[in-house]
Participant: 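One structure is given below, represented as structure tokens, and several questions about it will come after.
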Amino acid sequence: MTAEVPHAGGLLDPDGAMDRLAEWKGRLDQLASATDAMSDRIQELRVTVADGNGLVEVTVDSAGALVDLQLGQRVQRVAPDVVARTIMNTIGLAKRQLADRAQEIIGDTLGTDSPAARAIAERVGQQLRDANPAVDDPGEQHARW
């Protein structure tokens, strides 16, 4: 009895295995390139939000850190605790909008079907949204990217 060796495309076919490896490497290279592009876009991201009452405008960077705070002239006529609460609420909204924008970038560059993309998007959302105070009136905030 002689055992037959699988032909082209079979498990033991060296050419078929090399083709599959080359295809796999191509997908990995493409994923690495998309991940680099995603990272660059997210690192450049900044979000600016102003409250609807003209008290404050905040800008947060890609990590959610406050990088700019502008106070309107109305703050002189408002109680300090209201100004403080408005600042905190506006920062929280800016971080949530930053998370939304970062998740859009992840979806645009890595796709929404990838388990890795979903995990990254979820982690970004948790980091930027979970540690933020609730916004009293999200309809009264205005954002710019």
Participant: Looking only at heavy atoms, which two atoms of Ala102 and Val124 are closest? And how far apart?
Facilitator: CB-CG1, 3.7 Å
Participant: Show the nearest heavy-atom pair for residues Gly111 and Ala117, with the distance to one decimal.
Facilitator: O-CB, 3.2 Å
Participant: So, Arg118 and Glu122, do they make that salt bridge, N to O below 4.0 Å?
Facilitator: no
Participant: Distance from Gln97 atom CD to Leu45 atom CG, nearest 0.5 Å?
Facilitator: 11.0 Å
Participant: Going by heavy atoms in the side chains, are Val60 and Val67 under 4.5 Å from each other?
Facilitator: no
Participant: Minimum heavy-atom separation for Ala121 to Gln103, with atom names?
Facilitator: O-NE2, 2.7 Å
Participant: Minimum heavy-atom separation for Arg74 to Gly54, with atom names?
Facilitator: CB-O, 4.3 Å
Participant: Quick one: pull up CD in Glu104 and CD1 in Ile106 and give me the separation to the nearest 0.5 Å.
Facilitator: 10.5 Å
Participant: Enter the distance from Arg46:CZ to Asp61:CG here, rounded to the nearest 0.5 Å.
Facilitator: 6.0 Å
Participant: Between Arg101 (side chain) and Val47 (backbone), is there a donor-acceptor pair under 3.5 Å?
Facilitator: no
Participant: For the backbone of Ile105 and the side chain of Thr109, can you confirm whether one donor and one acceptor N or O come within less than 3.5 Å of each other?
Facilitator: yes
Participant: Looking only at non-hydrogen atoms, find the nearest pair between Thr90 and Val49 and report the distance.
Facilitator: CG2-O, 3.4 Å
Participant: Run the side-chain contact (heavy atoms from CB on, under 4.5 Å) test on Leu66 and Val58 for me, step by step, so that the C-alpha distance in whole Å, both residues' side-chain angles and the decisive distance to 0.1 Å come before the verdict.
Facilitator: CA-CA 7 Å; Leu66 181 66; Val58 302; 3.8 Å; yes
Participant: What I want to find out is whether Arg20 reaches Glu23 closely enough, with some N-O distance under 4.0 Å, to be called a salt bridge.
Facilitator: no
Participant: Once you round to the nearest 0.5 Å, how far does CG of Asp19 lie from CG of Asp15?
Facilitator: 6.5 Å
Participant: Taking Thr35 for its side chain and Leu31 for its backbone only, find out whether a donor-acceptor pair lies under 3.5 Å.
Facilitator: yes
Participant: If you look at every heavy atom in Ala99 and Gly125, which pair is closest and at what distance?
Facilitator: CB-CA, 4.2 Å
Participant: Could you give the distance from CG (Leu21) to NZ (Lys25), rounded to the nearest 0.5 Å?
Facilitator: 11.0 Å
Participant: Leu55, Leu71: one ILVMFWY side-chain cluster at the under-4.5 Å cut-off?
Facilitator: yes
Participant: Val56 versus Gln70: any side-chain heavy-atom pair under 4.5 Å?
Facilitator: no
Participant: Please name the residue in the list Val82, Leu69, Asp51 that meets the side-chain contact (heavy atoms from CB on, under 4.5 Å) test with Ile87.
Facilitator: Leu69
